[in-house]
Amino acid sequence: RLERHPVLDGAEPVADVQVAGGLDAGEDTGHFGKLPTPARGRKMLSPIDLLTLAEAAARRAGSYLASVGPPPDPGAWSTKDPRDFVTEVDRESERILAAYLRPEAPGSRVLGEEFTPTGDLEGLVWIVDPLDGTTNQPHGVPVWAVSIGAAVDGALQAGVVFDVPRNRLYRAALGHGAWEGSRRLAVSRTVDPALALIGTGFPFKNLDRIDEYQRQFAAVAGATSGIRRPGAASLDLVDVAAGRFDGFWEMMLAPWDIAAGMLLVREAGGVVTDLAGRQIGPEHSGVVAGNPDIHRWLLGITEGLRTGD
């Protein structure tokens, strides 16, 4: 059973899609928001509605992932690109997400890392990473998550990141803040870079930019209290939203890596741009995130040492 969302209802509708009868607010009072009953017919979904569906889907996929554990045989892993693994666990998790979300929001589409990595963002699109931290999970490193963002015509409306190993679910709806359970998330208040803890990700898919990254790394390492690289971008952005990281940067990420986490940071009072300071949506892009002060400082480093995106 889903716990009640601690955010306010009453958001303006954003998408003309129908919620199937599986979620009925009249019968399931554990779901927050006024989801339509079959008698109401068609209804435009609010960010809270989309959040409720995303959370339910993430819990379903997370339950599956928690039950299977890491694959015992490395021979079962395959590679999409050098140093980029995929397993049948990833694929099955994405099947679970799509099988739930599409019927619950007829007319919506899924943009997913494993099966549907291309497509436009017209209408309601679920942007999903069925297992963010794929290299961690088969090695038994407990840093991985299910990430779901809901976008309407490219504008993010809701996002969920489910940290499955720790059983911690983070969620945000446009205009309603970012939350873990009943605790509202807020970015840190750190102003001085010397006190800041910064998250990052290595450019492991694009090693021809490693020299540029190393210059950025050296500049950040020399001016802050430390750098961390856990290996799951969605959780890195969660850590920014929760104030554990003061900032984060990575040279290139995919839409499914950042969609949910980006909304969490912004709803927690933070800033997310590309390496040049451009406001970004769910797209392939470099990312700089942080509280406003540390974001501004970190952006100065990435802009000054950037040779191209």
Would you check if the distance from the ring center of Tyr213 to the ring center of Trp249 is below 6.0 Å?
-> yes
Step by step, work out the side chain to side chain contact (heavy atoms under 4.5 Å, CB included) result for Tyr64 and Val89.
-> CA-CA 9 Å; Tyr64 161 72; Val89 171; 4.1 Å; yes
Looking at residues at least two apart in the chain, or sitting in another chain, which of them share a side chain to side chain donor-acceptor pair (under 3.5 Å) with Ser147?
-> none
If we only count heavy atoms from C-beta on, is the Leu45 to Leu53 side-chain gap below 4.5 Å?
-> yes
Are Arg109 and Asp120 close enough for a salt bridge, meaning some N to O gap below 4.0 Å?
-> yes
Check: Ile198 main-chain N/O paired with Asp246 side-chain donor or acceptor under 3.5 Å | no
Between the main-chain N or O of Leu131 and the side-chain N or O of Thr134, is there a donor-acceptor pair closer than 3.5 Å?
-> yes
Can you measure from CG (Asp153) to CD (Glu122) and round to the nearest 0.5 angstrom?
-> 6.5 Å
Is it true that a side-chain atom of His139 and a backbone atom of Thr135 form a donor plus acceptor pair closer than 3.5 Å?
-> yes
Do Thr273 and Leu299 come close enough that some side-chain heavy atom pair is under 4.5 Å?
-> yes
Among the clusters formed by ILVMFWY side chains lying less than 4.5 Å apart, do Trp126 and Leu65 turn up in the same one?
-> yes
Residue pair Ala242 / Arg183: nearest heavy atoms and the distance that separates them = CB-NH2, 4.4 Å
Closest heavy-atom pair, Ala223 versus Trp297, reported as atoms and distance to 0.1 Å, is CB-CZ2, 3.5 Å
Does any N or O in the side chain of Asn136 come within less than 3.5 Å of the main-chain N or O of Pro142, such that one atom is a donor and the other an acceptor?
-> no
Report yes or no: does Glu267 contribute a side-chain atom to a donor-acceptor pair with the main-chain N or O of Gly177 at less than 3.5 Å?
-> yes
Report the distance from atom CD of Gln216 to atom CD of Gln214, rounding to the nearest 0.5 Å.
-> 10.5 Å
Give the minimum heavy-atom separation between Leu111 and Pro255, together with the two atoms involved.
-> CD2-CB, 4.3 Å
Residue pair Ser63 / Phe162, side-chain heavy-atom distance below 4.5 Å = no
Is there a donor-acceptor pair closer than 3.5 Å between any side-chain N or O of Asp132 and the backbone N or O of Ala233?
-> yes
Between Glu55 and Arg60, is there a side-chain N and carboxylate O pair less than 4.0 Å apart?
-> no
Kindly say whether Pro130 contributes a backbone atom to a donor-acceptor pair with the side chain of Ser93 at under 3.5 angstrom?
-> yes
Closest heavy-atom contact between Ala58 and Ile148?
-> N-CD1, 3.6 Å
Name all pairs fulfilling the side chain to side chain donor-acceptor pair (under 3.5 Å) condition that reach into residues 218-233, sequence neighbours left out, sorted by first residue then second.
-> none
At what distance, to the nearest 0.5 angstrom, does CD of Glu180 lie from CG of Leu264?
-> 10.5 Å
Verify the cluster assignment for Phe245 and Leu253: are they in a single hydrophobic cluster under the rule of side-chain heavy atoms below 4.5 Å apart?
-> yes
Under-4.0 Å salt bridge between Asp163 and Arg168 | no
Side chain proximity check, Asp236 to Phe248, heavy atoms < 4.5 angstrom | yes
Salt bridge Arg91-Glu94, side-chain N to carboxylate O under 4.0 Å | no
Phe217 vs Ile227 side-chain heavy atoms within contact, under 4.5 Å = yes
Less than 4.5 Å apart, any side-chain heavy atom of Pro47 and any of Leu50?
-> no
CZ on Arg244 to OG on Ser188, rounded to 0.5 Å = 12.0 Å
May I ask whether Leu275 and Ile294 are part of the same hydrophobic cluster, defined by side-chain heavy atoms of I, L, V, M, F, W, Y residues being less than 4.5 angstrom apart, directly or through others?
-> yes
When you look at Thr190 and Asp293, which way does the side chain to side chain contact (heavy atoms under 4.5 Å, CB included) test go after all the steps?
-> CA-CA 8 Å; Thr190 302; Asp293 291 295; over 6 Å; no
Examine distances only and state if a side-chain atom of Asp257 and a backbone atom of Ala254 form a donor-acceptor pair shorter than 3.5 Å.
-> yes
Do Met251 and Thr302 have side-chain heavy atoms sitting under 4.5 Å apart?
-> no
If every non-hydrogen atom of Ala57 is compared with every non-hydrogen atom of Leu97, which pair is closest and at what distance?
-> O-CD2, 3.4 Å
Could you grab the distance from atom CH2 of Trp144 to atom CG of Leu235, nearest 0.5 Å is fine?
-> 10.5 Å
Beyond-backbone contact of Val125 with Ile127, side-chain heavy atoms, under 4.5 angstrom | yes
Single-linkage hydrophobic cluster, 4.5 Å side-chain cutoff, Leu185 and Val160 together = no
In short, Ala260 meets Val161 closest at the heavy-atom pair CB-CG2, 3.8 Å
Starting at CE of Met262, measure out to CZ of Arg266 and round the result to the nearest 0.5 Å.
-> 5.0 Å
I'd like a table of donor-acceptor pairs (distance under 3.5 Å, sequence neighbours excluded) in which one partner is a side-chain atom from residues 278-290, with atom names and distances.
from: Arg278; atom 1: NE; to: Asp274; atom 2: OD2; distance (Å): 3.1
from: Arg278; atom 1: NH1; to: Glu283; atom 2: OE2; distance (Å): 3.4
from: Arg278; atom 1: NH2; to: Glu283; atom 2: OE2; distance (Å): 2.7
from: Glu283; atom 1: OE1; to: Gly281; atom 2: N; distance (Å): 2.9

Cluster overlap Val240 with Leu195, hydrophobic side-chain contacts below 4.5 Å = no
